[in-house]
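As the structure is a prediction and not an experimental result, all values here were calculated from the model. Just so it is clear, the values below take in all heavy atoms, side chains as well, and ignore hydrogens, waters and symmetry mates.
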Amino acid sequence: MSVRATKTLSAITSRHQLPQAQRLVVKVGSSSLTTVDGGISHERLSALVDALAATVKAGTEVVLVSSGAVAAGLAPLGLAKRPKDLATQQAAAAVGQGLLLAQYTTEFAAHELTVAQVLLTADDLRRRQTYTNALRSLVRLLNLGVLSIVNENDTVATHEIRFGDNDRLASLVAHLIKADALLLFSDVDSVYDAHPRHGGQRIALIKNPSELEAVNLGTPGEAGVGTGGMITKVEAAVMSSSSGIPALVTSAENAADALAGKDVGTWFAARNTRRSARDVWLAHLAKPQGKLYIDAGATRAVCSGENSLLAAGITAVHGEFEAGDAVEVCNEHGAVLARGLVNYASHELPAMLGRTTSQLATWLGEGYERAVIHVDDLALV
């Protein structure tokens, strides 16, 4: 499996270097491809495909995360707007997904490119085995020269197992396949410091998420046919850039210019080291079964990213879990610091709290000398 395992920052450090990227994840929103009245916009979809095909022909691998299945199914079902109930959303997705993929297949075929459909639910990526299977499948498709079109499996996804929006899914896919950058296309050309109608100015570069603290990003779901909004794009871009993969937020109309490295959109510079797929899974997808509360000393050790969590620093255990389950690690005030795979069941830990590893070996036996959570199984959040 040719997944690049580097943990350095992305080699792509600015938007101008995007034409040199080896692998990109591109996400396009429903509002950029469809309308409530007319379903899929052939003109919009064709323009996007032309830009992506040119990028692939130039030697860059592309995975496309495409919304639009529900929106594409509205007009054929005679629905005037996006339904609110889950069953009708699933019905619209079942109709629209086939229509959407058929359009993509035809348009990419005109460029002699083969596409594949990859439908995922959050539950697929929460389970370690299916997460690994998704990685293997996507990488193999890339190796075969196939452009994967990823979407949330809206037809079967329930509220409990949804990603919430495809922006977050795109960020997770970018980490999964070790992309050089994440591009988020919508119907807004940039992030602005205020509404453009009120004199807001484009923010060209974000080096640190703190720069956005005073910016009003609106609320999710403001678009008519989508579920996201600028806030979900920014959250996805921050999740990506904070873990070593830069992100660009711009409009689908700017796709060709963005892929050519021109000065469009808002660039989120990569920060920190690139996370492994395992770290991303632990930090964002593993379902915690309990909580461990730790003291100030253990907090410093865990937050360094270089130390395992030992029983001596744990002050309390909440929840029921078995060895190998994911748990949250919280400081004394309850803030979640990390998630990790615990080496002991919840019923074993109370007798261990506050004791050093040598004390545990003496009092409970050699099997208790290991860390509660090894540093390799601990992901900071």
Side-chain angles (χ1 to χ4, degrees), residues 9-33 44-45 47-68 104 108 113 115 118 138 142 147-151 163 165-191 202-206 226 228-271 274:
L9 285 170
S10 171
I12 304 302
T13 59
S14 75
R15 57 167 60 82
H16 307 298
Q17 295 176 310
L18 284 173
Q20 285 77 54
Q22 296 180 49
R23 184 177 292 170
L24 296 174
V25 169
V26 175
K27 186 266 177 180
V28 62
S30 298
S31 58
S32 300
L33 297 175
R44 295 177 186 176
L45 188 143
L48 175 67
V49 168
D50 289 346
L52 295 178
T55 298
V56 174
K57 295 289 186 180
T60 299
E61 296 175 334
V62 173
V63 169
L64 174 63
V65 178
S66 176
S67 299
Y104 275 128
F108 277 110
L113 292 174
V115 302
V118 180
L138 286 168
L142 286 170
L147 191 150
S148 294
I149 299 175
V150 180
N151 195 2
F163 290 100
D165 59 81
N166 271 347
D167 299 305
R168 182 166 180 258
L169 171 60
S171 180
L172 293 166
V173 169
H175 285 92
L176 184 69
I177 66 169
K178 303 299 179 191
D180 291 310
L182 168 66
L183 283 70
L184 298 164
F185 296 152
S186 67
D187 53 359
V188 181
D189 67 326
S190 296
V191 180
R202 167 199 173 204
I203 303 174
L205 173 65
I206 298 293
M230 184 52 69
I231 190 169
T232 66
K233 280 132 190 90
V234 168
E235 288 174 348
V238 168
M239 177 167 48
S240 179
S241 60
S242 296
S243 300
I245 298 177
L248 179 70
V249 174
T250 191
S251 65
E253 290 184 356
N254 286 337
D257 286 343
L259 291 162
K262 294 184 180 180
D263 186 17
V264 295
T266 299
W267 181 259
F268 289 74
R271 302 168 54 244
R274 182 187 288 270

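In plain terms, the two heavy atoms of A179 and R274 that are nearest each other are O-NH1, 2.8 Å. A pairwise comparison of heavy atoms in A252 and V28 identifies CB-CG2, 4.4 Å as the closest pair. Summarising the geometry of S66 relative to Y104, their closest heavy-atom pair is OG-OH, 2.8 Å, with the distance given to 0.1 Å. R15 and K262 make their closest contact through CD-O, 3.3 Å (heavy atoms, listed as atom of the first residue, atom of the second, distance). Nearest heavy-atom pair across P246 and S240 is O-OG, 4.2 Å. The shortest non-hydrogen separation linking L33 to L48 is CD2-CD2, 4.1 Å.
L64 is not listed as a side-chain neighbour of F185, based on a closest heavy-atom distance of 4.5 Å or more. The closest side-chain heavy-atom distance from V191 to I206 is not below 4.5 Å. Side-chain contact check for L24 versus L259: some heavy-atom pair is nearer than 4.5 Å. A 4.5 Å side-chain heavy-atom check between H175 and I245 finds at least one atom pair inside the cut-off.
With sequence neighbours excluded, the residues forming a side-chain hydrogen bond (donor to acceptor under 3.5 Å, both in side chains) with D189 are Y192, listed by chain and number. In this structure, the side-chain contact (heavy atoms from CB on, under 4.5 Å) partners of Q17, at least two apart in sequence or on a different chain, are I12, T13, S14, Q20.
Here the straight-line distance linking atom CG of L182 with atom CG of L172 works out to 10.0 Å at 0.5 Å rounding. In this structure, D167 CG and I231 CD1 are separated by 11.0 Å, a value rounded to the nearest 0.5 Å. Atom CE of residue M230 and atom OG of residue S190 lie 8.0 Å apart, to the nearest 0.5 angstrom. The CG atom of L183 sits 5.5 Å away from the CG atom of L18 when rounded to the nearest 0.5 Å. To the nearest 0.5 Å, atom CG of residue L205 and atom CH2 of residue W267 are 9.5 Å apart.
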Worked verdict on S67 versus K27 for side chain to side chain contact (heavy atoms under 4.5 Å, CB included):
CA-CA 8 Å; S67 299; K27 186 266 177 180; 3.6 Å; yes
The test is salt bridge (charged side-chain N to carboxylate O under 4.0 Å, His left out); show your working for R202 and D263 and say whether it passes.
CA-CA 12 Å; R202 167 199 173 204; D263 186 17; 2.7 Å; yes
Hey, mind stepping through F108 and L52 against side chain to side chain contact (heavy atoms under 4.5 Å, CB included) and telling me if it holds?
CA-CA 9 Å; F108 277 110; L52 295 178; 4.1 Å; yes
Derivation of the side chain to side chain contact (heavy atoms under 4.5 Å, CB included) call for V118 and V63
CA-CA 10 Å; V118 180; V63 169; over 6 Å; no
Could you walk me through whether R271 and S242 pass side chain to side chain donor-acceptor pair (under 3.5 Å), step by step?
CA-CA 5 Å; R271 302 168 54 244; S242 296; 3.1 Å; yes
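Using modelled atom types, no side-chain atom of S241 and backbone atom of A270 make a donor-acceptor pair closer than 3.5 Å. D180 places a side-chain N or O within 3.5 Å of a backbone atom of R23 that can act as its donor or acceptor partner. At distances below 3.5 Å, not a single donor-acceptor pair connects side-chain atoms of S148 with backbone N or O atoms of L138. Within the 3.5 Å criterion, the main-chain N or O of S31 finds a donor-acceptor partner in the side chain of R44. Counting only distance, with no hydrogens or angles, the side chain of S186 and the backbone of G29 share no donor-acceptor pair below 3.5 Å. Side-chain atoms of T55 come within 3.5 Å of backbone N or O of A51 as a donor-acceptor pair.
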